[in-house]
Amino acid sequence: MSLPEIQTRIAAAEAASNRPLGAVELIAVSKVQPPERVEAVLRTGHTVFGENRVQEAQAKWPTWKESFPDSKLHLLGPLQSNKVRVAMELFDVLHSLDRPKLAGALARLVQEMGSCPEIFIQVNTGEEPQKAGVMPQEVDAFVAECRGMDLPIAGLMCIPPVEEEPALHFALLAKMAERNGLSGLSMGMSADFETAIRLGATHVRVGSAIFGDRLKPA
Ligand SMILES: *Cc1c(COP(=O)(O)O)cnc(C)c1O
């Protein structure tokens with residue numbers, strides 16, 4: 001477990017880009033990890049975790065939240081409209097808003113429940129057919145559409161194509177966020193979080209570099 005090492009590297013990257021210490025939130029991505037590894041990180045006092053699937057998180061986190069009530073949970077993976085209520089009860093932050101139907105379902109529940117998770121719009125910066133996310137040319141209109149539903153948007157999120165230079169995608173995402181007046185940037189994973197911080201990431205999502213290799217692909 002190398003959480004302290006990752007925290008040190010984040011602090012160094014913040015300093016190197018003249019950003020205040022603590023400007024970047026570290027999301028420890030615990031998907032598919034053995035429980036004892038996650039519990040070891042919980043016991044260090046780290047409170048911010050990410051999961052990819054609603055169902056998997058539902059099975060694991062209610063117990064951990066009882067023992068560690070300060071934990072904050074981020075949903076990083078796809079969200080089906082019929083799971084929005086469950087997701088809003090379990091997660092504090094959603095990173096994968098990517099379509100009007102989902103925005104509508106969220107907006108209705110925000111009104112009904114009187115509380116709102118922090119929401120990021122996922123952008124398919126590489127325009128990959130198999131990947132979720134709003135296409136880059138549709139981002140401005142979609143942000144406006146969400147705001148029109150009284151759905152507050154915290155920022156943008158991306159997962160760059162595996163084969164491409166991530167910095168290009170991070171810079172593109174930062175530019176789209178800026179022109180839409182959005183301050184949140186969820187970008188950077190184990191292999192490239194320092195690059196993401198240099199380009200303005202406010203949230204980095206780090207899994208295997210903290211917990212070790214995942215047992216099966218997710
Ligand atoms: C799994 C996952 C991560 C973490 O990936 P690592 O390479 O293990 O750091 C980050 N973001 C999303 C959306 C993921 O699904």
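Indexing begins at 1, ligand by ligand and atom by atom, following the structure's order. All values reported here derive from a predicted model rather than from experimental measurement. All heavy atoms count here, side chains included; hydrogens, waters and symmetry mates do not.
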Subject >> Crowding at CD, Glu163 (>12 non-hydrogen neighbours, <6.0 Å) >> reply: no

Original post:
In terms of heavy-atom contacts, does CD of Glu178 have more than 12 from other residues, nucleotides or ligands at under 6.0 Å?
Top reply: no

Original post:
Does Arg108 have any side chain to side chain donor-acceptor pair (under 3.5 Å) partners at least two apart in sequence or in another chain, and if so, which?
Top reply: none

Using a strict 4.0 Å cut-off to heavy atoms of [X], name the atoms of ligand 1 that fall inside it.
X      : result
Ile159 : 13 (C)
Val206 : 9 (O)
Gly207 : 4 (C), 6 (P), 8 (O), 9 (O)
Asn52  : 14 (C), 15 (O)

Original post:
So Phe120 and His203, would you call those rings parallel, tilted or perpendicular, with 30° and 60° as cut-offs?
Top reply: perpendicular

Subject >> Heavy-atom nearest neighbour of atom 7 (O) of ligand 1 within options Ser208, Ser30, Ala209, Ser186 >> reply: Ser208

Original post:
Taking atom 2 (C) of ligand 1 as the point of reference, which of Lys31, Arg205, Met189 owns the nearest heavy atom?
Top reply: Lys31

Original post:
Less than 3.5 Å between some nitrogen or oxygen of Leu76 and one of ligand 1, yes or no?
Top reply: no

Original post:
Which residue pairs pass the salt bridge (charged side-chain N to carboxylate O under 4.0 Å, His left out) test with at least one member in residues 67-76, sequence neighbours excluded?
Top reply: none

Subject >> Taking every non-hydrogen atom, the tightest pair across Ile119 and Cys116 >> reply: CD1-SG, 4.1 Å

